[in-house]
Amino acid sequence: MTELHDHLRQRVLAATEALGLDRAAAEPLVRLDPPKNRDHGDVALGAFQLAKLAGKAPPALAGELAARVVPDEVVAAATAAGPFVNFRFRRAALARVVLAAIQRAAPPYGKAGPSGQVVCIDFSSPNIAKPFHIGHMRSTVIGNSLCRIHRHLGATVHGINHLGDWGMPFAKMMTAYLRWGNEQELHRSPMRYMFALYQRYGQEVEQHAELDAEAAAHFRALESGADNQQRRMWQLLRDESLRAFQGPYSRLGVTFDHVTGESFFEDKMAAALARVRAAGVLEPSEGAEVVWLKELGIQQPCLLRKSDGTTLYHTRDLAAVFWREQQYRPDRILYVVGAEQKLHFDQLKGVLQRMQEPIARAVEHVPFGLVLARTDDGKWEKFATRAGNAVFLDEILDEAVAKVRAIIREKNPDLPDADQVAEQVGVSAIVFNDLKNSRIKDVKFDWDAMLSFEGETGPYVQYACARLASILRKVEAPVPPPEAVDFALLADAERVLLTMLDFGPAVQRAAEQSEPSIVTTQVIALAGEIHAYLRDHYVLGAEPAVRDARLLLVDAARRLLTTGLSLLGIPAPERM
RNA sequence: GCGCCCGUAGCUCAGUUGGAUAGAGCGACGGCCUCCGAAGCCGUAGGUCAGAGGUUCGACUCCUCUCGGGCGUACCA
């Protein structure tokens with residue numbers, strides 16, 4: 001909360017006290033929220049619960065509160081409207097507090113100091129025996145944004161790429177490679193080549209079910225720990241995959257603090273299993289070893305060891321939880337993984353709960369929806385890599401970049417570094433599209449919408465930044481320090497300023513709810529407000545005092561938009 | 001069968017954890033570049049918040065049921 005809210009809160013609490021209400025009881029009932037309709041005021045207080053506490057009718061109490069909060073240097077007005085009290089801040093105070101804080105990069109507009117909170121974020125985590133396609137992007141960009149949001153709020157963040165480099169999918173890839181593979185081809189274009197092998201396996205296994213048995217045998221050999229053909233093969237395929245994945249990651253601007261894949265836990269699973277056994281919850285069942293979770297309302301048991309003695313996804317995730325607990329002491333461990341794996345994480349958490357492990361509290365699945373493709377008859381269906389219609393991320397990014405390049409040629413032919421800017425804007429358009437809606441919603445992969453750069457899109461927000469930067473370049477005066485500005489001259493910018501005021505709470509909610517789209521919505525709103533403001537308020541030709549005040553506003557808007565975009569992992573070019 | 005998720009304007013989505021008259025973008029229609037970037041701005045049209053009950057001062061929001069769509073349901077991840 002800003003000092004504006006703190007001030008108002010104190011005034012309201014003083015008023016409730018003056019009306020004879022117990023301060024401690026009133027404290028949690030004083031909820032100062034932005035009203036749905038901004039015409040009502042800047043902040044609204046519904047007096048329902050306070051009225052109950054006072055034993056009065058809400059409209060009566062609202063009237064008494066409004067009368068007691070007389071205007072001061074921050075509060076311009078307090079008016080009762082039925083059961084609500086609407087407050088307005090003085091425009092000069094609003095402008096001063098918001099713009100000065102942004103200029104200083106003070107929280108929440110700038111990075112907060114260390115909060116002491118430790119957050120592990122398990123994201124991207126692709127199965128590297130498959131090509132990096134559009135479906136992998138969601139976890140990658142959502143997780144990346146969450147890392148940035150938590151860091152902004154002062155948390156110690158461990159961004160972890162829990163690579164799928166172990167288990168049956170990898171064994172299947174080894175099987176395909178051993179049967180049909182060729183090292184030259186692999187080195188030439190690892191991702192495409194492995195995709196071809198993956199597809200061939202999928203086709204041939206229909207006729208030759210023994211392939212799966214072969215894969216299982218390879219996995220047993222790999223997991224035996226021996227230095228054998230399977231291990232060398234695993235190393236080769238893993239190295240090539242990782243190399244190939246570097247391309248998409250660097251284009252998306254994504255980095256990790258730890259790349260500890262499933263294979264990393266190979267030597268830690270025995271201890272993890274022993275710990276489960278020691279807790280007395282591991283039971284034999286049909287030749288396998290499981291933990292039953294019926295008492296937690298989960299019917300399906302969690303398998304931790306297969307009847308052939310090998311481990312599973314769950315076993316490795318469990319070992320990973322123990323490792324992270326010991327290494328990082330996290331308050332939260334976020335798993336940015338598709339909603340279709342909800343049961344998996346319910347089970348993982350369930351096992352920890354049955355073991356009475358306190359770390360169970362930290363485990364949080366952050367689910368997201370599918371990526372859907374449009375079918376010929378206009379319906380939406382899940383992308384299927386098996387059917388061969390996988391769209392490689394690089395192809396999508398290339399297409400977006402090419403389109404941006406064409407627009408630049410048309411609108412801004414003299415732009416320096418046009419290729420670099422096209423890359424920034426094109427990639428951002430795709431990323432922004434993925435972060436725009438609530439993550440639980442399925443993403444409809446619609447080329448037309450994705451490559452349209454108008455309206456609520458990444459380029460729209462970047463364009464606002466470029467436009468603001470352009471003004472700052474052209475004006476002959478430097479941006480004045482806040483002390484030198486007459487904030488009363490910014491009374492006409494109230495919509496922009498009130499939107500800026502929402503930024504902090506929005507980032508806070510985004511972190512609490514693991515929901516980057518809250519930030520996306522916020523930057524769209526701010527871009528819209530500043531665009532609208534600039535229509536009627538010129539900076540360049542204004543008289544010096546007005547120009548200076550607007551200059552500070554423009555600079556603040558540019559800074560805040562840049563910060564907001566950076567929380568989404570999106571750059572803000574100076575020109576585009 | 002059971003569990004979970006989704007259902008808001010023609011399309012794609014917001015709706016600040018239960019508050020006032022449900023808001024954007026796209027598409028449609030009509031305006032705005034002899035002044036800072038038109039990838040922009042302004043306006044018009046468009047709604048039984050899937051449906052029915054319930055909870056209460058108040059429900060798009062919480063509960064129950066129904067309908068529609070999706071995902072998941074032990075040796076894959």
Side-chain angles (χ1 to χ4, degrees), chain A residues 33-37 39-40 44 46 48 51-52 57-58 81-84 86 125 127 129-130 164 166-172 212 216 262 285-290 297-308 310 312-314 316-317 337-344 346-347 367 369-370 372 379-382 404 407-408 411-412 425 436-438 440-442 444 446 448-449 452-457 459-460 462-464 466-475 502 505-506 509 513 517-518 521 524-525 527-528 531-532 534-542 550 554 575-576:
Chain A
D33 299 313
K36 262 198 172 155
N37 186 339
D39 296 336
H40 292 311
F48 304 96
K52 192 172 281 181
F84 295 93
N86 294 317
S125 308
N127 191 320
K130 296 179 189 176
W166 204 248
M168 283 303 287
F170 219 94
K172 289 177 183 178
D212 279 345
E262 295 187 68
S285 175
E286 299 174 27
E289 291 189 272
V290 308
I298 301 171
Q299 297 311 309
Q300 297 82 354
C302 179
L303 260 80
L304 291 176
R305 192 201 283 275
K306 293 195 279 190
S307 46
D308 74 354
T310 58
L312 293 109
Y313 183 27
H314 273 121
R316 298 186 278 278
D317 258 341
V337 180
E340 67 275 13
Q341 293 196 43
K342 181 183 188 300
L343 176 61
H344 170 81
D346 284 348
Q347 290 175 318
L370 301 169
L372 304 181
K379 291 184 161 182
W380 296 99
E381 71 173 21
K382 187 179 178 179
V404 172
I407 293 175
I408 290 174
K411 297 177 186 283
N412 201 351
V425 175
K436 187 163 69 172
N437 301 140
S438 308
I440 199 65
K441 292 260 166 80
D442 291 340
K444 277 110 179 178
D446 179 344
D448 291 341
S452 157
F453 302 146
E454 290 163 18
E456 297 171 337
T457 66
Y460 170 84
Q462 288 177 315
Y463 179 76
R467 193 177 168 193
L468 295 166
S470 170
I471 293 171
L472 292 166
R473 271 196 306 276
K474 282 182 179 155
V475 78
D502 287 340
R509 273 185 294 126
Q513 300 171 24
S517 67
I518 294 173
T521 303
I524 290 171
H531 269 309
L534 291 177
R535 171 196 164 100
D536 300 316
H537 306 276
Y538 282 86
V539 178
L540 232 57
R550 290 180 182 172
V554 164
R575 302 169 205 255
M576 61 187 273

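We name chains A, B, ... by the order of the sequence lines, and we start the count at 1 in each one.
- Distance from the side chain of A:Arg467 is smallest for B:G40 among the nucleotides B:G40, B:C13, B:U73.
- To the nearest whole angstrom, the two C1' atoms, one in B:C60 and one in B:G15, are 8 Å apart.
- Look at CZ on A:Arg509: it is 19 Å from P on B:U61, rounded to the nearest Å.
- A:Arg316 comes within 4.0 angstrom of the backbone, heavy atoms only, and of no base.
- Of the nucleotides present, none pairs with B:A22 by Watson-Crick or G-U wobble criteria with both distances under 3.5 Å.
- In this structure, the CD atom of A:Gln347 is 13 Å from the C1' atom of B:A77, given to the nearest Å.
- No hydrogens or angles were tested; on distance alone, nothing pairs the side chain of A:Asn37 with the base of B:A22 as donor and acceptor under 3.5 Å.
- Of the listed nucleotides (B:C26, B:A74, B:A20), B:C26 has the atom at the smallest distance from the side chain of A:Glu454.
- The aromatic rings of A:His531 and A:Tyr460 lie tilted to each other, with the angle between the two planes from 30° to 60°.
- Between the CD1 atom of A:Ile440 and the P atom of B:G72 there is a distance of 13 Å, given to the nearest Å.
- For the pair A:Glu456 CD and B:U12 C1', the computed distance is 9 Å after rounding to whole Å.
- Using a 4.0 Å heavy-atom cutoff across all strands shown, A:Asn86 reaches at least one base atom of the nucleic acid.
- Base engagement by A:Ala44 is indicated by at least one non-hydrogen atom pair under 4.0 Å involving a base atom.
- Across B:A77, B:A74, B:C36, the shortest atom-to-atom separation from the side chain of A:Tyr313 is found for B:A77.
- Summarising the geometry, the separation between NZ on A:Lys436 and P on B:U12 is reported as 12 Å, rounded to the nearest angstrom.
- Separating the NZ atom of A:Lys441 from the P atom of B:G15 is a distance of 8 Å, rounded to the nearest angstrom.
- A:Gln341 comes within 4.0 angstrom of a base, heavy atoms only.
- Of the candidate nucleotides B:G72, B:A74, B:A20, B:G72 has the atom lying nearest to any side-chain atom of A:Lys382.
- Residue contacts for A:Ala449: at a heavy-atom cut-off of 4.0 Å it reaches no nucleic acid atom on any strand shown.
- For A:Arg535, taking side-chain heavy atoms from C-beta onward, the closest of the listed nucleotides B:C36, B:A20, B:C42 is B:C42.
- Relative to the side chain of A:Phe453, the nucleotides B:A39, B:A74, B:A20 differ in distance, and B:A39 lies closest.
- Side chain of A:Phe48, nearest nucleotide from B:C57, B:G72, B:C36: B:C57.
- Checking B:C36, B:G70, B:A77 against the side-chain heavy atoms of A:Val539 singles out B:C36 as nearest.
- Here B:G40 is the nucleotide among B:G40, B:A14, B:A20 with the atom lying nearest to any side-chain atom of A:Tyr460.
- At a threshold of 4.0 angstrom between heavy atoms, the contacts of A:Gln299 with the nucleic acid are absent.
- Per the geometry, CG belonging to A:Asp346 stands 15 Å off P belonging to B:A74, to the nearest Å.
- Side-chain nitrogen and oxygen atoms of A:Lys444 include at least one within less than 4.0 Å of the OP1 or OP2 phosphate oxygen of B:C13.
- Across all strands shown, A:Leu312 has heavy atoms under 4.0 Å from sugar-phosphate atoms exclusively, and none from any base.
- Within 3.5 Å, a donor on the side chain of A:Glu286 pairs with an acceptor on the base of B:A74, or the reverse.
- When distances run from any side-chain atom of A:Pro169 to the nucleotides B:C76, B:G40, B:C42, the shortest one goes to B:C76.
- In this model, no side-chain donor or acceptor of A:Ser517 finds a partner on the base of B:A14 within 3.5 Å.
- A:Gly46 comes within contact range of no nucleotide atom at all, as no heavy-atom separation falls under 4.0 Å.
- At the heavy-atom level, A:Lys36 lies under 4.0 Å from base atoms of the strands shown.
- One can place CG of A:Asp33 at 10 Å from C1' of B:U17, the figure rounded to the nearest angstrom.
- At the heavy-atom level, A:Leu304 lies nowhere under 4.0 Å from the strands shown.
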